[in-house]
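In what follows, chains carry the letters A, B, and so on, assigned in the order in which the sequence lines appear, proteins first and then strands, with residues in each chain numbered from 1.
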Protein chains: 2
Amino acid sequence: MGTTQLETVPEPKYWHLKTVLTEALDSEFSVGEILPNERDLAARFGVARATLRQALEQLELEGRLQRRRGVGTTVAPPRMGVSVGSEQHAWPGGPHDAWHAVDCRLEVPPAALAEPLVIAADEAVHVVRRSRVSRGQPVASELLYIPAASVPDLSGIDAPSGAARARAVLRELQRMELERQENAVELGSAGADEARELDRLPGAPVLVVTTRYIARGRTAALSVATYRADTCRLTFGDSGGVEIHHGPERQAS
Amino acid sequence: MGTTQLETVPEPKYWHLKTVLTEALDSEFSVGEILPNERDLAARFGVARATLRQALEQLELEGRLQRRRGVGTTVAPPRMGVSVGSEQHAWPGGPHDAWHAVDCRLEVPPAALAEPLVIAADEAVHVVRRSRVSRGQPVASELLYIPAASVPDLSGIDAPSGAARARAVLRELQRMELERQENAVELGSAGADEARELDRLPGAPVLVVTTRYIARGRTAALSVATYRADTCRLTFGDSGGVEIHHGPERQAS
DNA sequence: TAGTGGTCTAGACCACCCT
DNA sequence: GGGTGGTCTAGACCACTAA
């Protein structure tokens, strides 16, 4: 008919919902405040629950919301900046290290890591598990792969495993001179064990930081660190990082 | 009854599906190969289409699959490494710059950027739009915010807008000495315009790299670059980055 | 035990791409 | 026009948390 048809592209409902909710978060909600439950929200907007959830999932991905099964959906605080791969060229376990060692075992690493580690596919390496906490919250979980060749004088260590052994292995590693390190960031999803350690559900989005420590022209250690993508902003380079704030978002009482 | 009950934690179906599909991708599929369509796959695994899609979405998030409406689902090649925030402290638009300028306009930036730019909330700045292509594919889209104070001698430039003006603005910027730069990476989702430029749907996951260029103690420019999270692995620091391969994954003919 | 978010189903229709 | 992935619905049940 003669109706003007400028609506050439009907925006998906969940996309429009996301926009509306974002504006509401910016103007009407405080950090930590609890949103109405999903069934109520869906009814209020006149959509199916699955459609509402699509919008909430995106907002959680962007770090605006936090959802917890059995509890509810809350407004998330701004992401915290965590520094990675600083230019200071330091071995893991050094004096200004934000990590704390949890465990150390001797294991065969995943096949995909054999090549960057320059070892045989079935060769066992020291695997140090570390975790990183910021503002009282777990933010990252790391697996450090250290070929036996990088820590040759480990015979005097008595601890067969555990945090004590982990620290001993890192101490040994620091006896070499670090040549340089290579870093990479990519998107991944949390495995079952990482999810537990990060207090998230399996499959949660994570930022995977891979660091190759190079000494004497060889890969002396390989770190695979998974950071919570919802709560973390990774800063690197000279220092600091840029603070981005959303709307007013008063602090909840 | 007396049935042994070791199945304490029933794994979600989509999680198990994802595992099965991952193994299949590693062993039985080639890069670029087309998977059966979603309805067939769902029927084959005996699940609803929505459940299958949950698994496919995760695999796409991890960069293992590529889905295109109207076309199908294909096996994605390994992510390509793109270097960001290298230690070489260079202005944007310098000689070894991977970007190419598209446009330049004078606009008021989003309110959230007024503070890091150290300008008034309603002050207009030069906004240079640039894009980055790698291996024939668009990988990133950037908005560069440059306060007028950073390019004082712009009067001689005749081009009122467009790529020519963008290049002129960048040339002017390079006359200052760069003190240092601060970088940050976080997870985001593509807006409508970024999605178009990156050849993705709105809401697609992206890695947002924020760079603050500092000269004479002030923020001389602020870059917000969004990289396709599905196809990119960001490398930074000394150089290179770590190559991680999945399974055999022969190249498709 | 009540209420929350997480998983799952079996449909339907739409937007897009190719031929 | 036929086939693909993208969106949406209206239900159901489950796993978890807290009172």
What is the distance from [atom1] of [X] to [atom2] of [N], rounded to the nearest Å?
X: A:E11; N: C:dC14; atom1: CD; atom2: P; result: 18 Å
X: A:R69; N: C:dG5; atom1: CZ; atom2: P; result: 12 Å
X: B:E57; N: D:dG5; atom1: CD; atom2: P; result: 12 Å
X: B:H16; N: C:dG6; atom1: NE2; atom2: C1'; result: 19 Å
X: A:I34; N: D:dT17; atom1: CD1; atom2: P; result: 15 Å
X: A:K13; N: C:dC14; atom1: NZ; atom2: C1'; result: 13 Å
X: A:Y14; N: D:dG5; atom1: OH; atom2: C1'; result: 12 Å
X: B:E38; N: C:dT9; atom1: CD; atom2: P; result: 14 Å

Ion pair present between A:D97 and A:R130, side-chain N to carboxylate O less than 4.0 angstrom? yes
Near DNA chain D, which residues from residues 41-54 of chain B have a heavy atom under 4.0 Å away? B:R49, B:R53
Just checking, is any N or O donor in the side chain of [X] or [Y] under 3.5 Å from an acceptor N or O on the other one?
X: A:Q54; Y: A:T51; value: no
X: A:R132; Y: A:Y227; value: yes
X: A:R64; Y: A:T22; value: no
X: B:E62; Y: A:S189; value: yes

Could you walk me through whether B:L234 and B:V82 satisfy the side-chain contact (heavy atoms from CB on, under 4.5 Å) test, starting with their C-alpha distance in whole Å, then the side-chain angles of each, then the deciding distance to 0.1 Å, before giving a yes or no? CA-CA 5 Å; B:L234 308 184; B:V82 295; 3.4 Å; yes
Given side chain to side chain donor-acceptor pair (under 3.5 Å), test A:E142 with A:S223 step by step and report yes or no. CA-CA 7 Å; A:E142 182 200 43; A:S223 156; 2.6 Å; yes
Between B:R67 and D:dG6, does any side-chain N or O lie under 4.0 Å from OP1 or OP2? yes
Within the structure, does a side-chain N or O atom of B:T73 lie under 4.0 Å from either OP1 or OP2 of D:dT4? no
A:E186 vs B:C232, side-chain contact (heavy atoms from CB on, under 4.5 Å): CA-CA, chis, key distance, verdict: CA-CA 7 Å; A:E186 62 188 311; B:C232 295; over 6 Å; no
Taking atom types as they are modelled, is there a donor-acceptor pair under 3.5 Å from the base of D:dG5 to the side chain of B:R39? yes
Which nucleotides of DNA chain C pair, in dot-bracket form (Watson-Crick or G-U under 3.5 Å, | meaning another strand): ||||||||||||||||||.
What nucleotide, of C:dT4, D:dG6, C:dG6, holds the atom closest to the side chain of A:N37? C:dT4
Within the structure shown, what part of the strands sits under 4.0 Å from A:L56 by heavy-atom distance: base, sugar-phosphate, or nothing? nothing
Can you confirm whether A:R68 is buried at CZ, in the sense that more than 12 heavy atoms of other residues, nucleotides or ligands lie under 6.0 Å from that atom? no
I want to confirm an ordering. Mapping B:G70 and A:E60 to their closest nucleotides on DNA chain C, which one lands closer to the 5' end? A:E60
